[in-house]
Amino acid sequence: MKIYKLILLSAFFLVGCKANNIHKKIIVHTIGDSTMAIKPDPDKNPERGWVQVLPQYFNDQVEIKNYAVNGRSTKSFRERGNWKPVLEALKPGDYLFIQFGHNDSKDTDPERYTNPQTAYRYNLIRYIEEARAKGAVPILFSSIARRKFNKEGVLLDAHGNYTLVARMVANEMKVPFFDMQYLTENLETAYGVEGSKKLHLHYQPGEIPYYPEGKDDNTHLSELGANEISKLFIEELKRQKHPLAKYLK
């Protein structure tokens with residue numbers, strides 16, 4: 001009788017463990033700059049980060065913890081103390097999205113600037129290695145494009161060697177790479193010189209209360225822009241047959 005009870009208890013334990021594993025949440029941590037970050041006052045503020053709107057595209061088995069901060073580079077994200085809580089939170093099996101470049105290129109700001117061939121490269125490698133040491137799975141992203149058309153209507157590159165170096169690091173370190181610059185350049189071009197303004201923050205003075213003096217911002221995203229970019233990521237996730245794709249709605 002005692003043996004039977006032990007067997008029964010063991011069976012319940014195994015079933016319980018299996019059920020817990022089935023329902024265990026997939027945690028995605030994201031680090032980056034303002035193009036990803038959560039924006040305040042969403043009821044009034046038209047600006048969105050693309051990761052801010054990303055959770056709606058996944059089912060409830062995925063939880064996205066967005067640590068991106070306005071103005072950060074690979075250098076300042078660590079030196080300003082933003083990386084420490086992320087590293088402490090990482091658990092085996094978690095994902096880490098890494099997307100920097102916009103602010104690494106600010107060569108008039110020593111707090112943020114990094115040389116793409118040297119400091120930027122090594123900073124990315126360090127984030128990858130530290131995430132892996134915690135058992136997490138890092139994924140690299142190139143920066144999204146800026147709306148930067150010339151007078152002939154050609155969209156110009158805004159990131160120089162940063163995208164190339166991110167791709168090279170991903171290849172060297174054998175981590176998945178999402179070339180968001182390429183995808184979003186195509187998006188900007190498809191919308192056209194004037195239409196692409198809708199992806200960003202373009203408002204005349206007095207047009208909306210949040211920007212009473214108007215706004216002319218070709219880097220940061222409107223709600224439409226953020227959702228369009230999230231959809232590009234989702235489609236690329238499917239195309240790459242990434243394991244996260246099975247948790248999409």
Side-chain angles (χ1 to χ4, degrees), residues 30-58 64-74 76-77 80 82 97 99-113 141-160 162-163 178 180-235 249:
T30 69
I31 63 174
D33 55 40
S34 57
T35 60
M36 299 172 78
I38 296 172
K39 308 303 175 180
D41 304 319
D43 293 336
K44 303 174 184 177
N45 185 359
E47 184 182 352
R48 298 289 188 276
W50 74 266
V51 173
Q52 182 177 2
V53 304
L54 187 60
Q56 66 186 304
Y57 297 99
F58 285 95
I64 298 176
K65 297 185 177 182
N66 188 352
Y67 294 89
V69 179
N70 289 10
R72 294 296 187 266
S73 68
T74 58
S76 63
F77 193 84
R80 296 283 299 266
N82 303 112
F97 290 3
Q99 185 183 57
F100 291 103
H102 276 283
N103 299 301
D104 286 79
S105 65
K106 295 185 182 299
D107 56 9
T108 59
D109 186 347
E111 183 183 353
R112 295 187 285 180
Y113 175 73
F141 295 73
S142 59
S143 294
I144 65 170
R146 284 190 172 98
R147 181 185 169 275
K148 185 181 179 183
F149 289 93
N150 65 15
K151 63 181 181 180
E152 289 79 23
V154 175
L155 185 71
L156 302 178
D157 173 41
H159 299 308
Y162 291 93
T163 294
F178 288 79
M180 300 305 289
Q181 181 178 356
Y182 171 71
L183 296 173
T184 53
E185 281 179 354
N186 290 341
L187 178 68
E188 299 279 354
T189 302
Y191 267 79
V193 175
E194 287 301 313
S196 58
K197 289 180 179 179
K198 296 186 294 185
L199 302 172
H200 299 279
L201 305 172
H202 284 262
Y203 300 99
Q204 295 298 317
E207 185 176 347
I208 63 169
Y210 201 81
Y211 297 120
E213 297 179 2
K215 192 77 171 174
D216 187 16
D217 184 337
N218 295 308
T219 297
H220 300 98
L221 302 168
S222 64
E223 187 170 359
L224 171 66
N227 277 287
E228 288 282 59
I229 290 171
S230 284
K231 290 173 185 176
L232 289 175
F233 166 65
I234 294 303
E235 289 307 309
K249 287 182 179 177

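Every value quoted in this text rests on a predicted model; they were computed, and no experiment measured them. Numbering starts at 1 and runs along the sequence shown.
- Rounding to the nearest 0.5 Å gives a distance of 11.5 Å between CD of Q99 and CZ of F178.
- Atom CG of L155 is separated from atom CZ of F149 by 4.5 Å, given to the nearest 0.5 angstrom.
- When all heavy atoms are compared, the tightest approach of W50 to S230 is O-OG, 2.8 Å.
- No more than 12 heavy atoms of other residues, nucleotides or ligands shown are found within 6.0 angstrom of OH on Y182.
- Under 3.5 Å, the side chains of R147 and S196 contain a donor-acceptor pair of N or O atoms.
- E228 places no side-chain N or O within donor-acceptor distance of the main-chain N or O of G225, the cut-off being under 3.5 Å.
- N82 and R72 form a side-chain donor-acceptor contact under 3.5 Å, judged by distance and modelled atom types alone.
- Annotation: the span from L221 atom CG to K39 atom NZ amounts to 8.0 Å, rounded to 0.5 Å.
- One N or O on the side chain of Q56 and one on the backbone of V53 form a donor-acceptor pair closer than 3.5 Å.
- For the pair T184 (side chain) and I144 (backbone), a donor-acceptor distance under 3.5 Å is absent.
- Side chains of Q181 and Y162: a donor-acceptor N/O pair is absent below 3.5 angstrom, by distance only.
- When only modelled atom types and interatomic distance are considered, N103 and Y113 share no side-chain donor-acceptor pair under 3.5 Å.
- By the 6.0 Å contact criterion, CD on Q204 is open, its count of non-hydrogen atoms from other residues, nucleotides or ligands being 12 or less.
- Taking the side chain as every heavy atom from C-beta outward, P46 and K215 never approach each other to under 4.5 Å.
- Nearest heavy atoms, A37 versus A68: CB-O, 3.4 Å.
- A distance-only check finds a donor-acceptor pair linking the side chain of R48 to the backbone of P42 [under 3.5 Å].
- The closest side-chain donor-acceptor pair between H202 and N218 falls under 3.5 angstrom.
- Using a 4.5 Å heavy-atom threshold, the side chains of M36 and Y67 count as separate.
- Between K44 and D41 no salt bridge is recorded (no basic side-chain N to carboxylate O distance below 4.0 Å).
- Residues R112 and S76 form a side-chain contact, since some pair of their non-hydrogen atoms from C-beta on lies under 4.5 Å apart.
- Defined by atom type and a distance below 3.5 Å, a donor-acceptor pair is missing between the side-chain atoms of T219 and H200.
- You'll find the ring centres of F233 and F97 inside the 6.0 Å limit.
- Considering CG of D104 and NE2 of H159, their distance stands at 11.0 Å, rounded to 0.5 Å.
- With a 4.5 Å cut-off on side-chain heavy atoms, D33 and N70 do not count as touching.
- Judged purely by atom type and a 3.5 angstrom limit, S34 has no side-chain atom pairing as donor or acceptor with the backbone of G71.
- With salt bridges taken as basic N to acidic carboxylate O contacts below 4.0 Å, one links E111 and R80.
- Atom OH of residue Y203 and atom CG of residue D217 lie 10.0 Å apart, to the nearest 0.5 angstrom.
- At least one side-chain heavy atom of Y191 sits under 4.5 Å from a side-chain heavy atom of L224.
- Note that OG of S142 is 8.5 Å distant from CD of E185, once rounded to the nearest 0.5 Å.
- Counting only heavy atoms from C-beta outward, the side chains of L54 and I234 approach each other to under 4.5 Å.
- A side-chain donor-acceptor contact under 3.5 Å links R146 and H102.
- Side chains of S143 and T35 form no contact here, defined as non-hydrogen atoms less than 4.5 Å apart.
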